[in-house]
Amino acid sequence: MIKLAEIKKSFGDQEILKDISLNVERGKVVAILGPSGSGKTTLLRCLNYLEKPDEGTVSVGEISLDAHSVRKKEIIAIRRQSAMVFQHYNLFSHKTVLQNVMEGLVVVHKMKKSIAREQSKKMLAKVGLEDKLHHYPSQLSGGQQQRVGIARALALNPKVILFDEPTSALDPELVGEVLSVIKEIAKEGITMIIVTHEMTFAREVADYVLFMDEGIIVEEGVPEQIFYNPKEERTKRFLKRLEGDDYDNQNHAGKGVHQHAL
């Protein structure tokens, strides 16, 4: 479904991604963890060519792009296979909630406005915002704005949704409502790659977890392995810093340990 092969990316003399390779099967949820500056967001942006890799190939479905020979029409094609939910919402402030969700359908996918309107309404109902269609972003909470962003992504019917720390800009009391929506979407079998610092959420939702640091994938595996039996010292230090020194002594009872394949 998704394949990254030997992806490299630098900004100036700073190497951000160092030879990243990754395969994601259709319908799987992959969580990417790591400290700030580890290359997580850049990896997402390279996947849909919001950033052009310096080296390597990106494949989504049947479309494959080589960094050395990629053409504009191929970039447009791969972007149509994916949708991105941004950290800071990226909504049009002068458009209503409904217009924000319709925008990509009408402008990019050339859908008739009447059809785009109905599809957008369905997606907004899915995220619990059917009563906010004619509100403007400034009239919404941060959590509601992020749910509009998720509805906008869903409306495009993408093969993969990329989430870039979707709760990091939210007040703590609003995080839960956004994570609940993402959990429901995960149940529908949509392929998702999620950069997140929400460890409990990653444990519950992800089929596979990557830990990145300094531009490389340090460790990867199913959630039970990464969270409860990490092999790499860097992974252990990161988890202890986020969850407390006794994270590896947590009681697993009732967590429903299942094995997942990427």
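Heads up: numbering here begins at 1 and tracks the sequence.
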Within a radius of less than 6.0 Å around CD of Gln14, do more than 12 heavy atoms belonging to other residues, nucleotides or ligands occur?
no

Is there side-chain contact between Leu154 and Ile190, with heavy atoms separated by less than 4.5 Å?
yes

Which atom of Val106 lies closest to which atom of Ala116, heavy atoms considered
CG2-CB, 3.8 Å

Using the rule that two of Ile, Leu, Val, Met, Phe, Trp, Tyr join whenever any of their side-chain heavy atoms come within less than 4.5 Å, decide whether Phe201 and Val127 are in one cluster.
yes

Between the CD atom in Glu118 and the NZ atom in Lys113, the distance rounded to the nearest 0.5 Å is 14.5 Å

What do you reckon, is NZ of Lys95 surrounded by more than 12 foreign heavy atoms closer than 6.0 Å?
yes

If we check side chain to side chain contact (heavy atoms under 4.5 Å, CB included) with Asp164, which of these qualifies: Val85, Leu50, Leu44, Ile194?
Leu44

Do side-chain atoms of Asp207 reach the backbone of Val29 as a donor and acceptor pair under 3.5 angstrom?
yes

Here the pair of heavy atoms bringing Gly149 nearest to Leu91 is N-CD2, 4.3 Å

Check the pair Ser10 / Ile16 against side chain to side chain contact (heavy atoms under 4.5 Å, CB included), numbers first and verdict last.
CA-CA 5 Å; Ser10 296; Ile16 306 299; 5.7 Å; no

Separation between CZ of Arg147 and CG of Leu174, rounded to the nearest 0.5 Å
9.0 Å

Check the side chains of Ser114 and Arg117 for a donor-acceptor pair under 3.5 angstrom, ignoring hydrogens and angles.
no

Sub-4.5 Å side-chain heavy-atom contact between His197 and Leu33
no

Could you walk me through whether Lys18 and Glu214 satisfy the salt bridge (Lys or Arg N to Asp or Glu O under 4.0 Å) test, starting with their C-alpha distance in whole Å, then the side-chain angles of each, then the deciding distance to 0.1 Å, before giving a yes or no?
CA-CA 8 Å; Lys18 306 171 184 177; Glu214 297 182 353; 5.1 Å; no

Inter-residue atom distance Ile226.CD1 - Met199.CE, 0.5 Å rounding:
11.5 Å

Would a 4.5 Å heavy-atom cut-off, applied to side chains only, mark Lys159 and Gln81 as touching?
yes

So which atom in Glu220 and which in Ile217 form the shortest heavy-atom distance, rounded to 0.1 Å?
OE2-CG2, 3.8 Å

Is the side chain of Arg203 donor-acceptor paired with the backbone N or O of Glu224 at a distance under 3.5 Å, no angle test?
no

When you measure from the side chain of Lys40 to the backbone of Gly215, do you find a donor-acceptor pair of N or O atoms at a distance under 3.5 Å?
no

Mark yes or no for whether Asn100, through its side chain, and Phe92, through its backbone, hold a donor-acceptor pair below 3.5 Å.
yes

d(Gln146 CD, His88 NE2) to nearest 0.5 Å is 10.0 Å

Let's go through Tyr136 and His94 carefully: what are the C-alpha distance in whole Å and the side-chain angles of both, what is the deciding distance for side chain to side chain contact (heavy atoms under 4.5 Å, CB included) to 0.1 Å, and is it a yes or a no?
CA-CA 7 Å; Tyr136 288 87; His94 64 289; 5.6 Å; no

Applying the 4.5 Å side-chain criterion to the ILVMFWY set and letting contacts propagate, would Ile76 and Ile78 be lumped into a single cluster?
no

Flag the pair Asp19 and Lys8 as a salt bridge only when some basic side-chain nitrogen lies within less than 4.0 angstrom of an acidic carboxylate oxygen.
no

Should Val24 and Met1 count as side-chain neighbours, where that means a heavy-atom distance under 4.5 Å?
no

Throw together a table of side-chain donor-acceptor distances under 3.5 angstrom for residues 61-72, partners on residues two or more places apart or in other chains.
{"from": "Ser64", "atom 1": "OG", "to": "Ser59", "atom 2": "OG", "distance (Å)": "2.9"}
{"from": "Asp66", "atom 1": "OD1", "to": "His68", "atom 2": "N", "distance (Å)": "2.8"}
{"from": "His68", "atom 1": "NE2", "to": "Glu55", "atom 2": "OE1", "distance (Å)": "2.8"}

Could you check whether Glu219 pairs with Lys231 (Lys NZ or Arg NE/NH1/NH2 to Asp/Glu carboxylate O, under 4.0 Å)?
no

Give a yes or no on whether Lys132 atom NZ has more than 12 heavy-atom contacts from other residues, nucleotides or ligands under 6.0 Å away.
yes

Determine whether a donor-acceptor pair (N or O, by modelled atom type, separation under 3.5 Å) exists between the side chain of Lys9 and the backbone of Lys52.
yes

Could you go through the side chain to side chain contact (heavy atoms under 4.5 Å, CB included) check for Phe227 and Leu239 one step at a time?
CA-CA 7 Å; Phe227 288 109; Leu239 292 172; 3.8 Å; yes

Do the side-chain N and O atoms of Ser168 and Gln87 include a donor-acceptor pair separated by under 3.5 angstrom?
yes

Side-chain touch Ile20/Met212, heavy atoms, less than 4.5 angstrom
yes

Do the side chains of Asp213 and Phe238 get nearer than 4.5 Å, heavy atoms only?
no

Considering only heavy atoms from C-beta outward, does the side chain of Met192 approach that of Val160 to under 4.5 Å?
no

Test your reading of the model: is there a side-chain donor-acceptor pair from Thr96 to the backbone of Gln99, 3.5 Å cut-off?
yes

Sub-4.5 Å side-chain heavy-atom contact between Ile32 and Phe211:
no

Give, for atom CD of Glu165 and atom CZ of Phe86, the distance between the pair rounded to the nearest 0.5 Å.
13.5 Å

Side-chain heavy atoms nearer than 4.5 Å, only ILVMFWY residues, links allowed to pass through others: does that put Leu156 and Tyr89 together?
no

For the student: nearest non-hydrogen atoms of Ala202 and Ala31, plus distance
CB-CB, 4.0 Å

Heavy-atom count check: over 12 atoms from other residues, nucleotides or ligands less than 6.0 Å from Lys183 NZ?
yes

CD1 (Ile193) and NZ (Lys28) are apart, to the nearest 0.5 Å, by 13.5 Å

Please test Met102 against Leu98 for side chain to side chain contact (heavy atoms under 4.5 Å, CB included), starting from the C-alpha separation and ending with a verdict.
CA-CA 6 Å; Met102 288 176 59; Leu98 181 58; 3.9 Å; yes

Take atom CD of Glu6 as the centre, draw a 6.0 Å sphere, and report whether it contains more than 12 heavy atoms from other residues, nucleotides or ligands.
no

